[in-house]
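Since the model is a prediction, treat every value here as computed from it, not as a measurement.
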Amino acid sequence: MIQEKQTILWNKEVAPDIFELTLQGEMVDAMVPGQFVHIQVPREDLLLRRPISIATIDAETGSYRVLIRVDGEGTQSICAQHAGMTLDVLGPLGNGFDISFLNPKDKVLIVGGGIGVPPLLGLANLLHEKDIDMDIVLGFQTRGAIVYEEEFKRLGHVTITTDNGSYGIHGYVSTVIDTLTQPYHAIYACGPKGLNRYINLKFEDHPHAYISLEERMGCGIGACAACVCQKRKEPRENIKICQHGPVFKTGEVIV
Amino acid sequence: MIQEKQTILWNKEVAPDIFELTLQGEMVDAMVPGQFVHIQVPREDLLLRRPISIATIDAETGSYRVLIRVDGEGTQSICAQHAGMTLDVLGPLGNGFDISFLNPKDKVLIVGGGIGVPPLLGLANLLHEKDIDMDIVLGFQTRGAIVYEEEFKRLGHVTITTDNGSYGIHGYVSTVIDTLTQPYHAIYACGPKGLNRYINLKFEDHPHAYISLEERMGCGIGACAACVCQKRKEPRENIKICQHGPVFKTGEVIV
Amino acid sequence: MNRLRVKLPGLDLKNPIMPASGCFGFGGDYGKLYDLNLLGAIMVKATTLEERYGNETPRVAETPSGMLNAIGLQNPGLEDVLNEKLPKLMKYDLPVIANVAGSTEEEYIEVVRRISQAPNVHAIELNISCPNVKHGGIAFGTDPIVVERLTRACKDVSRVPLYVKLSPNVTDIVEIAKAVQRGGADGITMINTLLGMRIDVKTRKPILANLTGGLSGPAIKPVAVRMVYAVSHAVDLPIIAMGGIKTVDDVLEFFMAGASAVAIGTMNFHDPMILPKLIDQLPRRMDELGISSIEALIQSVKEARAHE
Amino acid sequence: MNRLRVKLPGLDLKNPIMPASGCFGFGGDYGKLYDLNLLGAIMVKATTLEERYGNETPRVAETPSGMLNAIGLQNPGLEDVLNEKLPKLMKYDLPVIANVAGSTEEEYIEVVRRISQAPNVHAIELNISCPNVKHGGIAFGTDPIVVERLTRACKDVSRVPLYVKLSPNVTDIVEIAKAVQRGGADGITMINTLLGMRIDVKTRKPILANLTGGLSGPAIKPVAVRMVYAVSHAVDLPIIAMGGIKTVDDVLEFFMAGASAVAIGTMNFHDPMILPKLIDQLPRRMDELGISSIEALIQSVKEARAHE
Ligand SMILES: Cc1cc2nc3c(=O)[nH]c(=O)nc-3n(C[C@H](O)[C@H](O)[C@H](O)COP(=O)(O)OP(=O)(O)OC[C@H]3O[C@@H](n4cnc5c(N)ncnc54)[C@H](O)[C@@H]3O)c2cc1C
Ligand SMILES: Cc1cc2nc3c(=O)[nH]c(=O)nc-3n(C[C@H](O)[C@H](O)[C@H](O)COP(=O)(O)OP(=O)(O)OC[C@H]3O[C@@H](n4cnc5c(N)ncnc54)[C@H](O)[C@@H]3O)c2cc1C
Ligand SMILES: Cc1cc2nc3c(=O)[nH]c(=O)nc-3n(C[C@H](O)[C@H](O)[C@H](O)COP(=O)(O)O)c2cc1C
Ligand SMILES: Cc1cc2nc3c(=O)[nH]c(=O)nc-3n(C[C@H](O)[C@H](O)[C@H](O)COP(=O)(O)O)c2cc1C
Ligand code: FES
Ligand code: FES
């Protein structure tokens, strides 16, 4: 974990209000998919960093991609920075996805929703290298919000859903997942609260099902207790998402 | 008086920590020397505008020059903007120097100190066009801080003083002015408090002696009463520098 | 129908946005920048019985996302306000809210009595909370018994509805608001500035000649929102809210906290066009958020509370 | 000679800069970013007798030049702090200031008694002012009689010097500070957060699950400076000051206001390297301003006051 100024190599609006940035920095060496970075907003009056998932990692160029949806003033300000400018980044943070137990030809289900999709692309890249078989179900609000469809198609079998039916299957990812019967060696999900909650319950007893959670953060490194979630089982315990997450086993915490 | 975005045509450090900016905008048409502009700091956490004197005015290109000394965070942020960027400017503000009573060949004394020198250059340009004879006494802290010496030399007879004697006459402008005997049709001064106070007293009864004052400002347009000075004579009255100044007749107010 | 219209005691506002007292003088030169008729109303600078010269300069200092001021109630005094300042605002279709300050109860009463008779004064704003005045100002605003009595005395002599302006520099603002209600006020305005100080590290002395000053601007917005929320839950008076408003979302945030109109102070200095800009942006943002009218928003906030 | 050294009751600080309570956990992962031995001391997160789970999330919200928090004193409880957290800090040469909170006087006393016996706890910081705790927390900090009694009771059982942390959410902080002095405290820390709120205009609901939270960061600095100035004039106790410190000039501003050491909270989140950076920059800035040592600065501020 380090703090450094990273150069923006690339910044492009890839969907309405969704920007893809490529950042270059030393910390890339230490990154694994599922971790996140904590980006300082380049505006003096906004103090809190913004947690953003690492999408894909390129060890060769020492760079990584993030996909940021402009949601408020902070993400707007970050996304308004041009290539060549720098951002103050703290990272990599959190635990990342565990894939150590997987073997070639294992079957994996990947479930993403909206702006939760990007970190799954980095994961899928890694799984692809390991020769894992992937079913990938991605849900978006509308056709315009779809990202990384092509990239995922190169890595596995992709199904897209849209909330309004403007592309792919009409409905939530659950519409698709409820029809899947194949047992999977692992399940990885990242998306809005509803999606995470659904996976958390549906695959509660699966030995290798994971969800990646979001919460408002202060420090990002386990010092302030802003970002907690509660353990599912007694004795009651609060877990810091920034430090012990953002990836949790299903059934581990309450979503 | 308008508020507008002005383009920075030019920005150069002309002396240590002193930047010359050329700004282009509509309000230039309405400017007279001695007035000032109120510049928004391009930093979200700094709310107060910075009052900056108009140095020279170029009606042809619709631009004007300002000279800004980096004194704190606001001026630093303004001076860090590059040519091509814009600044949010309110102006022109204040009254400006009265030269209506002057006739060709009249003799005028101009006294400037430090960062008070720039507005006098615009004035001297105008007086030169009117064919006025000028004695110009400019005081600076050190040789390095001297600005606009060459420009002034083209317009009148220039004497430079430095506080530390590193250039010109060693001492304050008073060292020179106390030796001047020639009667002047008008005297115009702008500089630090000490200089203004000296001129205010020395030429208290002169019918056409003027000083330009500084004070911390809020609105810049007469609404908040932040920038007052006190009338010299009874009945007691506070005058707003931003609205009724920054130029005052000597003897009019207490410095 | 005018979606922005709000009716408050004494005030039929074409829109709920106005300049806050002391940040706009009696219009200052803002009228040179835009048509003041655009404004919902105007809260003018505090008036005292006699002329006041205010504090020494410097009177303002900058702070992160805020500023300190210690103007010290400089104003030309009641006579001049009645004869010179207020008549100049007659040419506008603009309800004036007259801010009244004083050092003694008698002074308050006298100013309220006379200024409330001016033809364009539609409401009084009783400034019991100015932190920069040595003579009692602070005491008036922090003691519920004094507040209640002063409110009642002023209400008795006022020809127009009376609003009382609350100071945030108290342990329990709800207690003061309740005293204001008991005293018979028609409304509340809040908040005034928080007491603050800046020291110049070069001189090692406070920047303001008055040493301390009032903190305003976006920095104090969360404090103001919290207080408006608490007071609007506790008393049954309309609130004109202020404290750090900068954006149209800030405006709406105060309505959701329980306000019935808003005022903007400090940000006028940052952006002298902020008032017409906000008034212009408000309907568009209301569309985005599904707010049909300001009155409907005020109503829905009230109803949501009934179910809390 | 170490120009940055400051000696305070119980604390021989190699420099006067430390993290503020609750913003640094018990070190968190800051130790992975830099050597914690650089710090003057460490103010750790509030400890209560039993484990506390704190408030629901969201627990933080952003505000202009500040933030709101409503963590709600989440902590693992006294036993765990004594057995797990504090021992982990033993490996550093770092005086620990233990922040103590409670719902009852008895709880405070018990925690102070036991935690003050931990080998690396050099001082207690009595948190009588946390605005996010429902059970009495706020009452403790705002009533001088309660404050005096609690201070005395804790002082009686503490093995190490006792500092009391003041809340800014009071009408008269000087009155509280005097009560702390009468109660026998060895020092004061100030300020805790200002009560604030933010409402999400999309949901029309407060952002924080707890509704209100504590405002911290540069936004509150002028309030903190003013209070440190006032309290240091009124009582004869050393003050560890905090509230919005961001730059080395902010650090010095607090000394000039009357502080004897400073703590940094919120800005750790913005720049996790801020503490070592400020400690590094301090001597250079002191040179520029002609300050030979921090002790000399503290002394000169005291002397200047004697002549006021
Ligand atoms: C571990 C993690 C990974 C994330 N990865 C991504 C990503 O790859 N791409 C992406 O676009 N977004 C991601 N998010 C969400 C992203 O952090 C928020 O959208 C963003 O912080 C909102 O900031 P803003 O300036 O747009 O909104 P504002 O409303 O201005 O934010 C105000 C404050 O609230 C916080 N906040 C608001 N919404 C959220 C949220 N949903 N989650 C956490 N904090 C929030 C902000 O961080 C900030 O502190 C991630 C969040 C977490 C916790
Ligand atoms: C009418 C007028 C004309 C001026 N013309 C020029 C000029 O042409 N060139 C130039 O370099 N400077 C000029 N000044 C001074 C300039 O305004 C200040 O140096 C500048 O505002 C300081 O801002 P800062 O960000 O550097 O300092 P900060 O310390 O960050 O400023 C904080 C606050 O204090 C105010 N302030 C600080 N010093 C002064 C000062 N000396 N006068 C007024 N306000 C101050 C700032 O405006 C701001 O509101 C003029 C001032 C006035 C009143
Ligand atoms: C320069 C200045 C002068 C003020 N003068 C007065 C005043 O005369 N009477 C009053 O009630 N409030 C006065 N205030 C307080 C404002 O009306 C307002 O309550 C406060 O500034 C908070 O709003 P803001 O954050 O939008 O500025 C003044 C504020 C400023 C900044
Ligand atoms: C997230 C957070 C948690 C805090 N927790 C505590 C606490 O447990 N005990 C305490 O006395 N103060 C607590 N504080 C207050 C700080 O110690 C400090 O007094 C305040 O934040 C002002 O300093 P700052 O502006 O530098 O943050 C907390 C502040 C924050 C932001
Ligand atoms: S964000 Fe501070 S503990 Fe997680
Ligand atoms: S700066 Fe507001 S009146 Fe002059």
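With a threshold of 4.5 angstrom between heavy atoms, Glu62(C) approaches chain B through its backbone and through its side chain. Within the 4.5 angstrom heavy-atom criterion, atoms from both the backbone and the side chain of Gln3(B) approach chain C. Heavy atoms of Asp271(C) lying under 4.5 Å from chain B belong to its backbone as well as its side chain. Of the two parts of Lys45(C), neither the backbone nor the side chain holds a non-hydrogen atom closer than 4.5 Å to a non-hydrogen atom of chain B. In this structure, chain C has heavy atoms under 4.5 Å from both the backbone and the side chain of Glu44(B). Interface residue Phe24(C): only backbone heavy atoms are found under 4.5 Å from chain B. Interface residue Thr63(C): only backbone heavy atoms are found under 4.5 Å from chain B.
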The test is side chain to side chain contact (heavy atoms under 4.5 Å, CB included); show your working for Val60(C) and Met217(B) and say whether it passes.
CA-CA 7 Å; Val60(C) 293; Met217(B) 293 187 175; 5.9 Å; no
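In terms of heavy atoms, Arg216(B) sits closest to Pro58(C) at CD-CB, 3.7 Å. The two atoms that bring Thr57(C) and Val228(B) nearest to each other are CG2-O, 3.4 Å, heavy atoms only.
Contacts of residues 70-93 of chain B with chain C at a heavy-atom distance below 4.5 Å involve Asp71(B), Leu90(B), listed in sequence order. The stretch residues 231-240 of chain B places Arg236(B), Glu237(B), Asn238(B) near chain C, each with some heavy atom under 4.5 Å from a heavy atom of that chain.
Here the NE2-SG distance, from His270(C) to Cys219(B), works out to 15.0 Å after rounding to the nearest 0.5 Å. Between atom CE of residue Met1(B) and atom OH of residue Tyr30(C) there is a gap of 9.5 Å, rounded to the nearest 0.5 Å. Here Thr266(C) contributes atom OG1 and Leu47(B) contributes atom CG; the two are 7.5 Å apart, rounded to the nearest 0.5 Å.
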